[in-house]
Amino acid sequence: MRPFDRPRLARVSLRWKIAALAAATAFLVVAAVGVLVHVWTAQDIRSRAEAQAFNTLYSAMDTYRRTGTLAEGAELDPAALPAELRHPADDTRHTAYDGRVDGNVGPSMWAAQRVGGPDSPVLAVQVNMSPELYGLHRLDVIMAVASLVTLAAATPLAVYGAGLLARRLRRVSETAGRISAGDLDARTGPTQGGDEVADIAATVDLMADSLAQRLRTERQFTADVAHELRTPVGGLLAAADLLPPGETEDLLRARVRDLRGLVEDLLEISRLDAGAEQAVRAHVPLDAVVSEAVARTGLDTEVTVTDATHAEAAAAAPTVETDPRRLERIVSNLVINAHRHGDTPVRVTVEGRTVVVRDHGPGFPPDLLRDGPSRFRTGATERGWGHGLGLTIAQGQARLLGAELRLDNAPDGGAVATLRLPD
């Protein structure tokens, strides 16, 4: 991973988030329905028990007043009568719920009424609610089992439906990722559904078309400008040869050489952008190629060749398969960049298939580490002058070789460029 790539945090798949949300919603609905059914049934049981107690007491009171005998289930001042019904203030009927359980009797609904005046006995009847409450318990169990069965059936359906949506979104995400990685031909294509996901896919494809067109225009402009500049720059070099030797001739020749180098860099970038470059691979000793590239720069740079471990050194091949010309180009650009924008000492270390170039200057600016090299941008002012093409070319050539170019800052200061060649 390049240093300027944003790390991907571990995340839960959208498919499972949607499935979990659907399952949670189903659970809440089932739980709410179960609670409502339980509360409504319990209230209905108590209402029917209260009505039954009222009717039974009415019939028992009529029998007692007419015949003086107690109807079945009726009692005078029973010992189990709830306290609130023992001394009623009037001679009307009253009811009370008794939650006590005695064997198979209870909870119960009591109804009581005085048979005469204020000090007369209290006639009471008891309606046992245990059969109905047992039926309520069975209803609760049935509701719970039915809820579990419903959840068991609904969850796979939710996972399947969420998977369909997640797959469509994943296609759009993969297309956006490929475009971000530089594949400007990546497209999602037609997406079924006619919904927001299809709109997002169409928008991403439209964005890719617009971006590709703009980049093609920019690359063509860069290539055209560089190509058109080669002729006048060549003419300037020829004209400089006609000047008499001296300080003016040397200064002019140096500036023309800089201009020619810029034109050649622009042409190289345009060829890399257009995919017109092809690597010519050969088996070459990595340390020798790196040493030669450093020597060609003419800059005071220390080159060190080390082995990571004895096991790796024994297993490592004495040569690497790569394009030596392009490898030299990468190393020389990194060394020149270190001297131009950093500070001495500049050290190059070769270890296995890895080449590390380090300087002791102010380091790479944060935006370059975050976004990567960009043409015509050198970063912070303390990094010095330049047209910002060196790292861009090095990155493009490394990508062509299948290598990884990583840019970092050392903990104790200085910029560190690490080139890892493929196996």
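- Remark: Thr349 engages no residue in a side-chain hydrogen bond (donor to acceptor under 3.5 Å, both in side chains) (not counting sequence neighbours).
- A donor-acceptor pair under 3.5 Å is formed between the side chain of Asp359 and the backbone N or O of Ala415.
- Taking 4.5 Å as the limit, every side-chain heavy atom of Val127 sits out of range of all side-chain heavy atoms of Ser108.
- Glu302 pairs by the salt bridge (Lys or Arg N to Asp or Glu O under 4.0 Å) definition with Arg347, not counting sequence neighbours.
- Counting heavy atoms from C-beta on, the side chains of Tyr58 and Gln113 never come closer than 4.5 Å.
- In this structure the side chain of Val350 never reaches within 4.5 angstrom of the side chain of Thr354, judged on heavy atoms.
- Here the side chain of Asn409 pairs no donor or acceptor atom with the backbone of Gly363 at under 3.5 angstrom.
- For the residue pair Gln397 / Arg329, no side-chain donor-acceptor distance below 3.5 Å is found, with atom types taken as modelled.
- In this structure, CD in Glu72 is found 10.5 Å from OG1 in Thr56, a value given to the nearest 0.5 Å.
- Remark: the Thr297 side chain and the His339 side chain contain no N/O donor-acceptor pair separated by less than 3.5 Å.
- Under the 4.5 Å side-chain criterion, counting only non-hydrogen atoms from C-beta, Leu401 is in contact with Ile330.
- Enclosure of atom CZ in Phe27 is not indicated, since only 12 or fewer non-hydrogen atoms of other residues, nucleotides or ligands lie within 6.0 angstrom.
- Contact detail for Ala53 and Ala111: the closest heavy-atom pair is O-CB, 3.5 Å.
- Considering all non-hydrogen atoms of both residues, Ala80 and Arg100 come closest at O-NH2, 2.6 Å.
- The main-chain N or O of Pro345 is found under 3.5 Å from a side-chain atom of His360 such that the two form a donor-acceptor pair.
- With sequence neighbours excluded, the residues forming a side-chain hydrogen bond (donor to acceptor under 3.5 Å, both in side chains) with Glu292 are Arg296, listed by chain and number.
- The shortest non-hydrogen separation linking Val303 to Ser291 is CG1-OG, 3.8 Å.
- The structure places CG of Leu419 at 12.0 Å from CZ of Arg353, a figure rounded to the nearest 0.5 Å.
- To the nearest 0.5 Å, the span separating CG on Leu81 from CD on Glu75 amounts to 9.0 Å.
- Ser210 places no side-chain N or O within 3.5 Å of a backbone atom of Leu206 that could act as its donor or acceptor partner.
- Partner Val348 forms a side-chain contact (heavy atoms from CB on, under 4.5 Å) with one of Leu334, Val294, Thr304 and no other, that one being Val294.
- The side-chain hydrogen bond (donor to acceptor under 3.5 Å, both in side chains) check on Thr95 picks up Glu50, with sequence neighbours excluded.
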Passes side chain to side chain contact (heavy atoms under 4.5 Å, CB included), Val416 versus Phe364? Steps please. CA-CA 8 Å; Val416 180; Phe364 292 117; 5.8 Å; no
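- The salt bridge (Lys or Arg N to Asp or Glu O under 4.0 Å) pairs that include a residue from residues 146-163 number zero, where partners must be two or more places apart or lie in different chains.
- When the salt bridge (Lys or Arg N to Asp or Glu O under 4.0 Å) test is applied to Asp205, no partner is found at least two apart in sequence or on another chain.
- The shortest side-chain heavy-atom distance between Leu299 and Val346 does not fall under the 4.5 Å cut-off.
- Judged as a side chain to side chain contact (heavy atoms under 4.5 Å, CB included), and not counting sequence neighbours, the contacts of Ala74 are Ala60, Leu123, Val125.
- If you take CG on Leu327 and OG1 on Thr322, they are separated by 5.0 Å, rounding to the nearest 0.5 Å.
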Listing, residues 130-138 side-chain donor-acceptor contacts under 3.5 Å, not counting sequence neighbours, or none:
unit_1, atom_1, unit_2, atom_2, d
Ser130, OG, Asn104, O, 3.0
Ser130, OG, Asn128, OD1, 3.1
Ser130, OG, Asn128, ND2, 2.9

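- Proximity of Val356 to Thr418: side-chain heavy atoms (C-beta onward) are separated by under 4.5 Å at one or more points.
- Every residue meeting the side-chain hydrogen bond (donor to acceptor under 3.5 Å, both in side chains) condition with His94, not counting sequence neighbours, appears here in chain and number order: Asp90, Thr92.
- For the atom pair CG of Leu369 and CZ of Arg406, the computed distance is 9.5 Å after rounding to the nearest 0.5 Å.
- When every heavy atom of Glu84 is checked against every heavy atom of Ala96, the shortest pair comes out as OE2-CB, 3.4 Å.
- Within the 4.5 Å cutoff, the side chain of Val35 has no heavy atoms near those of the Trp40 side chain.
- Listed here is the closest heavy atom pair of Ala26 and Leu151: CB-CD2, 3.7 Å.
- Arg46 is linked by a salt bridge (Lys or Arg N to Asp or Glu O under 4.0 Å) to nothing, counting only residues two or more places apart in sequence or in another chain.
- Remark: Asp300 engages no residue in a salt bridge (Lys or Arg N to Asp or Glu O under 4.0 Å) (not counting sequence neighbours).
- Inter-residue side-chain proximity for Thr319 and Val284 is flagged as unmet; no heavy-atom pair is nearer than 4.5 Å.
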For a side chain to side chain contact (heavy atoms under 4.5 Å, CB included) check, start with the C-alpha distance between Tyr97 and Met129, then their side-chain angles and the critical distance, and finish with the verdict. CA-CA 10 Å; Tyr97 174 77; Met129 299 169 55; 3.8 Å; yes
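- Shown here for Asp98 and Pro82, the closest heavy-atom pair between the two residues is CB-CG, 4.2 Å.
- Between the Arg86 side chain and the Val122 main chain, no donor and acceptor come within less than 3.5 Å of each other.
- For the atom pair CG of Leu57 and CH2 of Trp110, the computed distance is 11.5 Å after rounding to the nearest 0.5 Å.
- Between the side chains of His38 and Asp140, at least one donor-acceptor pair of N or O atoms lies under 3.5 Å.
- Residues meeting the side chain to side chain contact (heavy atoms under 4.5 Å, CB included) test with Val33, sequence neighbours left out: Val29, Val37, Met143.
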